[in-house]
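Notes to accompany the following structure.
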Amino acid sequence: MDNIVIFGAPGSGKGTYSAELVKHFGFGHISTGDVLRGEIQACTELGKIAKGYIEQGQLIPDELMIDILTKVYDEKRALGKGVIFDGFPRTLAQAEALKSMLESRGESMTIALNLIVDDAELIRRLLHRAEVEGRADDNEDTIRKRFEVYHSKTKPLIDWFRNEGVLEEFTFKGSCEGMVKELIDKLESLQS
Ligand code: ATP
Ligand code: MG
């Protein structure tokens, strides 16, 4: 079964491209950001904890995040269509946990798609999204914090993926359609 990681800075389009890949390949989609926002909306205990971190632009603690991810993964895996991980892993501890969680189920990471988008474009998108979606963490201060966290805790995973032999990089060149096509072509080349 395919276990695909989609990776990139805040605003790099992980959610948007995941939706396109789900449409094309039928994968199950796991967006940890969406899972957490759903918990906040439903006012669960987990939602209450997550809210504080998200509004500060900070990461939810690894242990908690790994538990959530494992539960959601087992639900999606049961559908047997392959899974796309969007927004996870975000730290080295999460990456190691994902690797052993997959191994213990006889699975492995198929590929990590790293979306490369320049900073000016990322900020433009996030501020635009703030206007249309009204996400609480899409304001200038929180965006700055999320970038700091991305650079210090998440970006180092690129080397980790490379070491695992799963890294593939895609640079945004001005067209979302072009990016979607490159991603689909790459995944199709793996399936043949
Ligand atoms: P985009 O979806 O545009 O790429 P993003 O990556 O900033 O933007 P989400 O993935 O939706 O947005 O995450 C929003 C917030 O949820 C994060 O800033 C963090 O607080 C929390 N979060 C999501 N995934 C994780 C994770 N794997 N570990 C810890 N915290 C997480
Ligand atoms: Mg997202």
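In each ligand, atom 1 is the first atom listed, and ligand 1 is the first ligand listed.
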Kindly indicate whether the side chain of V5, heavy atoms from C-beta on, has any atom under 4.5 Å from the side chain of L98.
yes
Enumerate the atoms of ligand 1 whose separation from the nearest heavy atom of [X] is less than 4.0 angstrom.
| X | value |
| --- | --- |
| R37 | 11 (O), 14 (C) |
| T32 | 23 (C), 24 (N), 25 (C), 27 (N) |
| Q94 | 26 (C), 27 (N), 28 (N), 29 (C) |

For ligand 1, is any non-hydrogen atom under 4.0 Å from [X]'s backbone (N, CA, C, O), its side chain (CB onward), both, or neither?
| X | result |
| --- | --- |
| E55 | neither |
| D62 | neither |
| Q58 | backbone |

Can an N or O of [X] be found at a distance shorter than 3.5 Å from an N or O of ligand 1?
| X | value |
| --- | --- |
| L59 | no |
| F88 | no |
| D137 | no |
| D34 | no |
| R146 | yes |
| G11 | yes |

Restricting to non-hydrogen atoms, name the atom on A95 and the atom on W160 that form the minimum distance, rounded to 0.1 Å.
O-CH2, 3.6 Å
What's the shortest heavy-atom distance between T154 and R90, and which atoms?
OG1-O, 2.8 Å
Which protein non-hydrogen atom lies closest to [atom], naming both residue and atom, and how far is it?
| atom | answer |
| --- | --- |
| atom 22 (N) of ligand 1 | L36 CD1, 3.6 Å |
| atom 25 (C) of ligand 1 | R90 CD, 3.5 Å |
| atom 2 (O) of ligand 1 | R129 NH1, 3.7 Å |
| atom 4 (O) of ligand 1 | K14 NZ, 2.5 Å |
| atom 12 (O) of ligand 1 | R135 NH2, 3.2 Å |
| atom 30 (N) of ligand 1 | I60 N, 3.1 Å |

Please check if L122 and L127 belong to a single hydrophobic cluster, counting links between Ile, Leu, Val, Met, Phe, Trp and Tyr side chain heavy atoms closer than 4.5 Å.
yes
Hydrophobic cluster membership, with links at side-chain heavy-atom distances under 4.5 Å among I/L/V/M/F/W/Y: are L102 and I84 in one?
no
Residue of the set D137, D141, T142 for which side-chain hydrogen bond (donor to acceptor under 3.5 Å, both in side chains) holds with N139
T142
For E63, does the CD atom have more than 12 heavy-atom neighbours from other residues, nucleotides or ligands under 6.0 Å away?
no
Does N3 reach the main-chain N or O of T110 with its side chain, forming a donor-acceptor pair under 3.5 Å?
no
Quick one: does any side-chain atom of R77 pair with a main-chain N or O of R105 as donor and acceptor, under 3.5 Å?
yes
Carboxylate-amine/guanidinium contact K181 D185, below 4.0 Å:
yes
Is the cationic atom of R125 (NZ for Lys, CZ for Arg) positioned less than 6.0 Å from the six-membered ring centroid of F172 and within 45 degrees of its normal?
yes
